Peer 1: 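What follows is a single structure, and I will ask about it in a moment.
Because the structure is a prediction, the values reported are computed rather than measured. These numbers come from the heavy atoms of this one structure, side chains and all, not from hydrogens, waters or symmetry mates. For this chain, numbers begin at 1 and follow the sequence in order.
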Amino acid sequence: MSPERLRTIILALLVLALLACKMLPVADVPVVEPSRTPFQPLDSSQVQPESDGSIISGAQNIEAKTWTLRISESVPAALREQVNLPEGFEIERNGSPTNLVLDAMASSGEGPESQWVYALVGPFPTILDEVSGEDLKRAWEGETLEFLNGRPLLMASSTEQALTRHWGPPAAEAVRAVKSDNLLEKAWEKPYSLAVVPFERLEPRWKVIRIEGTSPLDKDFSFKKYPLRVRFGLTGEPEALALLANNTESFIPENNRDTQKMSVVVMTGVTALVRATGAKMESNGISYPGEDIRHWLTEADLTHISNEVSFDESCPPANPYQYSLQFCSRLEYLDLLDYVGMDIMELTGNHLMDWGRNAFDNSLELYEERSWKTYAAGADLAAARQPLLIEHNGNKLAFLGCNPAGPEYVWATDNRSGVTDCADDWILEEITHLRGEGYLPIVTLQYFESYGFVPSTSQQRYFQSMAEAGAVIVSGSQAHHPQTMAFYEDQFIHYGLGNLFFDQMRLPDGYGVPVFDVEDLPVPGTRLEFIDRHIFYDGRYLGTEILTAMLEDYSRPRPMTVDERKILLRNTFESSGW
């Protein structure tokens, strides 16, 4: 080591020694031993990212608050089940303190809201069609009105509470609270009672009563104009309301009725554009028969017509005095079916081969050119047995039908076009299969004809077998005289709808209009017509509205008057055993 480097080291040691001497404590100043702080790893649950991506300790944050919601007893079960709270909110449990309440409201609140539609209903055989909103309110207030038949309004307790927020408390004895699951059974006890149910609780054995001309089964239904509409909303702490209002996804549905989930199918009886009906079309215009009821048919999403006669260019002008039962329709008559908005043509009729198989085959081509959907007939037996499958607004519908009555020459075979028969129970197996695939089968039958309200015992058994197999609707297309109705569980059977466009003009006594006695139609009742309006919603059969028409001028059905309708409904329901 050089002398210079040694001197530098010695000098540095002397400087350190002097500094150490200055840091020694003064004798009268106590020495404080510093506390020992062990190393503490950071808990990942207390770490939050800064906006720039850096991490800060959770000790610097305020603990997040949990908001609690109480759901009032007025809230219907379906709305209660659909409450979906965002993070930081929970539903009250075991009487815990709450910050928010979901309840029926008399006026609009500040937070998210839901509009809930209710329906005034009665048992399906109810004659009453409509009440005024004022009369319904008066009944709620305890006034004795004829349409109630001396009975209180039935409803679930939640419905009563919701309407109490809406209208004020009901009068004593004006309302009877019944468990939801027992409402239908109680209403059907004679004398029948009316009830109020949420829209989602509708089912086929209810009849929906119009209020001020409006029904929630209407496609053009307006929430604002309907009296039985209750608003559900929130009350509570402003901060919690603001958080929910700013949430991008609503925690409650906007309503319980969405037209985009609804499908309306209108089904009709016999159509045969021949004889006097054809003659009236030629003299008064092709659209003449449909002008008074067109609105019923075009309003539907799917309009069904059972056309029983083939079209052919060689068909002569219609003869109102024709005695032969060999029928054909002129090509220009096709425009009537376009005019009334027909979508689906049923081909089970026993007159389809009257003008020969070529006329039938050519008619199939004409229907395809017009994009009409057909079922129950085809180029061979396999084609004839193919169901017509339609998906509309989320509802899967299957149309299928057959003809057990014949005559044999109308039936398709493996190498011959025609109508499908009902042999071998193929249709029962197909119904069950379709139901298993999620379809709602609608079955129409060209059964053996009979004139009168009450179908034969064999017809009743046969139609019920279709319902037992899984058909949600079974409809008779053979009847020239309207027939009775029945339910098999929640499936609807209408044994015969009567005519739609056909020239039979005999009325029974008691309808207040002249009786027409047509020589080849000695049986009264053929002027009376049913048109069935079936409603499907969110994948299930919701119910049926029965429309009634009276045939005029051998060709033109019109909506019945109030009195005519009451007579027909009363006769039909009584004959149905209701």
Side-chain angles (χ1 to χ4, degrees), residues 127 129 265-277 280-281 287-300 303-309 336-337 339-342 346 349 444-447 449-455 473 475-485 492-516 518 521 523-534 544-573 575-576:
I127 303 296
D129 288 322
V265 178
V266 163
M267 300 187 69
T268 64
V270 177
T271 283
L273 304 180
V274 298
R275 284 191 320 208
T277 300
K280 291 293 182 180
M281 294 169 70
S287 65
Y288 179 73
E291 289 173 359
D292 288 339
I293 59 164
R294 181 175 184 264
H295 62 291
W296 281 347
L297 305 184
T298 56
E299 178 268 350
T303 298
H304 155 281
I305 286 180
S306 178
N307 178 64
E308 297 205 1
V309 177
L336 172 65
L337 305 181
Y339 173 74
V340 297
M342 188 197 73
E346 175 190 342
T444 57
L445 299 165
Q446 187 78 197
Y447 202 73
E449 292 181 9
S450 62
Y451 286 82
F453 282 110
V454 181
I473 294 166
S475 190
S477 300
Q478 79 294 329
H480 299 294
H481 185 294
Q483 293 185 311
T484 59
M485 309 165 197
F492 181 60
I493 301 172
H494 197 162
Y495 292 104
L497 280 66
N499 295 321
L500 178 63
F501 301 129
F502 195 34
D503 63 4
Q504 298 176 318
M505 281 286 291
R506 184 78 186 269
L507 257 186
D509 295 332
Y511 281 79
V513 294
V515 174
F516 293 82
V518 181
L521 298 170
V523 179
T526 52
R527 287 184 65 189
L528 311 175
E529 301 186 1
F530 282 123
I531 296 174
D532 290 352
R533 184 175 181 268
H534 303 296
T544 296
E545 180 181 12
I546 300 295
L547 308 175
T548 53
M550 179 77 78
L551 185 67
E552 298 284 3
D553 201 18
Y554 299 92
S555 60
R556 182 169 173 162
R558 59 161 173 81
M560 282 187 171
T561 66
V562 172
D563 289 339
E564 290 168 348
R565 176 175 168 82
K566 285 181 178 179
I567 294 170
L568 176 57
L569 291 180
R570 187 173 293 113
N571 288 343
T572 305
F573 294 156
S575 298
S576 300

Peer 1: With side chains defined as the heavy atoms from C-beta onward, is the minimum distance between M267 and I531 less than 4.5 Å?
Peer 2: no

Peer 1: Any donor and acceptor pair, going by atom type alone, linking the side chain of S306 with main-chain N or O of G349 inside 3.5 Å?
Peer 2: no

Peer 1: So which atom in V266 and which in A300 form the shortest heavy-atom distance, rounded to 0.1 Å?
Peer 2: CG2-CB, 3.5 Å

Peer 1: So, Q478 and E308: side-chain donor and acceptor under 3.5 Å apart, yes or no?
Peer 2: no

Peer 1: Would you name the heavy atoms of T277 and A272 that are closest together and state the gap between them?
Peer 2: CB-O, 4.3 Å

Peer 1: Side-chain contact test, heavy atoms from C-beta onward, threshold under 4.5 Å: evaluate it for F573 versus L568 and give yes or no.
Peer 2: no

Peer 1: Within the 4.5 Å heavy-atom criterion, are I567 and L569 side-chain neighbours or not?
Peer 2: no

Peer 1: Return yes if a side-chain donor-acceptor contact under 3.5 Å exists between H481 and T526, otherwise no.
Peer 2: no

Peer 1: Do N499 and E529 pair up side chain to side chain, a donor and an acceptor below 3.5 Å, judged on atom types alone?
Peer 2: no

Peer 1: Will you find, in the side chains of H304 and E346, an N or O donor that is under 3.5 Å from an N or O acceptor?
Peer 2: yes

Peer 1: Between D129 and R565, is there a salt bridge with N-O shorter than 4.0 Å?
Peer 2: yes

Peer 1: Hey, what's the ring geometry for H480 with F502, parallel, tilted or perpendicular (30° and 60° as the breaks)?
Peer 2: tilted

Peer 1: Contact between F501 and I293 at the side-chain level, heavy atoms closer than 4.5 Å - yes or no?
Peer 2: yes

Peer 1: Side-chain contact test, heavy atoms from C-beta onward, threshold under 4.5 Å: evaluate it for H494 versus F530 and give yes or no.
Peer 2: yes

Peer 1: Just wondering, do L497 and S475 contact through their side chains at under 4.5 Å, heavy atoms?
Peer 2: yes

Peer 1: Hey, does L297 have a side-chain heavy atom less than 4.5 Å from the side chain of T268?
Peer 2: yes

Peer 1: Whether E552 and R527 form a salt bridge (side-chain N of Lys/Arg under 4.0 Å from carboxylate O of Asp/Glu) is what I want to check.
Peer 2: yes

